[in-house]
Number of protein chains: 2
Amino acid sequence: MAKIIENGIEREASCTEELYAMRDSLDVLGGKWKLMIIRYLTNRTDQQIHFKKLQRGITGISAKMLSKELKELEINLLITRTIQDTKPITVAYAVTEYGKSVFPVTETLVNWGIIHREKIKESMG
Amino acid sequence: MAKIIENGIEREASCTEELYAMRDSLDVLGGKWKLMIIRYLTNRTDQQIHFKKLQRGITGISAKMLSKELKELEINLLITRTIQDTKPITVAYAVTEYGKSVFPVTETLVNWGIIHREKIKESMG
DNA sequence: CCGAATCCGAGATGATACTG
DNA sequence: CAGTATCATCTCGGATTCGG
């Protein structure tokens, strides 16, 4: 299914390679919050997103977790952090072009969540 | 982007609804192992997959975690667990039709992991 | 041999208060 | 406003043990 390009030649990934690739992804994107944060920012590339706005938009996240997750996303070049010269100082976050490459992942998760809710609903009667 | 069907009418999900849907997905599929297990089983629907085989196939998982994760996946109807009348008794696992609906999620993660590895490699020089 | 149950430390997560 | 500090709690996951 998945393709790997090696020395300019495209070939199919083996099952084991697929699992390693998933492990790589989950190391960077896994956990409770990172994909939510990326999705939130990706849906709002036209706006300035400050720390407080993010925290209000992502239900349930604490300031500590948000701060930690943003730091890790920045290290992995998925988001940018811009300190703005206002009073009081504000900080704006945005997805990078590379961060936008995560969109398909979040999209399949959103779609599956919708399907799953339907399924639960109908099994409830 | 994502669509919701409500009372037979299709409409776009709001950003907030999208995040709720992702939260639903991550509640069921999140964590370090569940998506790996589903991918492994989905790639091998033609075989009997026993507990030990799963544990050997998924690098790094302990028996305890595997047992726990399988139980949760079974509760959510994503996999089946079949006790086989052998000596000694063995247990075979398989994805359900519903479990196969998770395939697009694992596929995007596999693909992103491959992209990410390329990116790391090139940034290393 | 398959898997469950128990114990335990380490790390993840959370609630609240606090600083520049 | 943007985070940090502190303390409490929950979960992860390894080692070991137990039963079928």
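All values below were derived from every heavy atom in this structure, side-chain atoms included, with hydrogens, water molecules and symmetry-related copies excluded. Throughout, protein chains are lettered first and strands after them, A, B, ... in sequence-line order, and every chain is numbered starting at 1.
Look at CD1 on B:Ile83: it is 10 Å from C1' on C:dC2, rounded to the nearest Å. In this entry the distance linking CD of B:Glu69 with P of D:dC12 reads 7 Å, nearest Å. Straight-line distance from the CG atom of A:Leu66 to the C1' atom of C:dA15: 15 Å, rounded to whole Å. Rounded to a whole Å, the CG atom of B:Leu54 is 17 Å from the P atom of C:dC1. With rounding to whole Å, B:Gln84 atom CD is found 12 Å from C:dC2 atom P.
B:Ala2 approaches A:Asn111 most closely through the heavy-atom pair CB-OD1, 3.5 Å.
B:Arg81 is linked by a side chain to side chain donor-acceptor pair (under 3.5 Å) to B:Tyr93, counting only residues two or more places apart in sequence or in another chain. Applying the side chain to side chain donor-acceptor pair (under 3.5 Å) criterion to A:Lys119, with sequence neighbours excluded, gives no partner residue. Taking the side-chain contact (heavy atoms from CB on, under 4.5 Å) definition, one finds that B:Gln48 meets it with B:His50, B:Gln84, B:Ala92, sequence neighbours left out.
Residue A:Tyr20 is not grouped with residue A:Leu29 when hydrophobic side chains (ILVMFWY) are merged at heavy-atom distances under 4.5 angstrom, including chains of intermediate members.
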Footprint string (nucleotides 2-8 of chain D, 5' to 3'): B base within contact, S backbone only, - free, heavy atoms under 4.0 Å:
SSB-B--

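For the pair A:Arg23 and B:Trp112, the cation-pi test (distance below 6.0 Å, angle within 45°) is failed.
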With a cut-off of 3.5 Å and sequence neighbours excluded, list every side-chain donor-acceptor pair involving residues 34-41 of chain B.
unit_1  : atom_1 : unit_2   : atom_2 : d
B:Lys34 : NZ     : B:Glu69  : OE1    : 3.4
B:Lys34 : NZ     : B:Glu72  : OE1    : 2.8
B:Arg39 : NE     : A:Glu18  : OE1    : 2.8
B:Arg39 : NH1    : B:Thr106 : OG1    : 3.0
B:Arg39 : NH1    : B:Glu107 : OE1    : 2.9
B:Arg39 : NH2    : A:Glu18  : OE1    : 2.6
B:Arg39 : NH2    : A:Glu18  : OE2    : 3.1
B:Arg39 : NH2    : B:Glu107 : OE1    : 2.9

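Near DNA chain D, defined here as any heavy-atom distance below 4.0 Å, there are no residues from residues 24-43 of chain A.
Proximity of a side-chain donor or acceptor of B:Thr96 to a complementary backbone N or O of B:Leu78 within less than 3.5 Å is detected.
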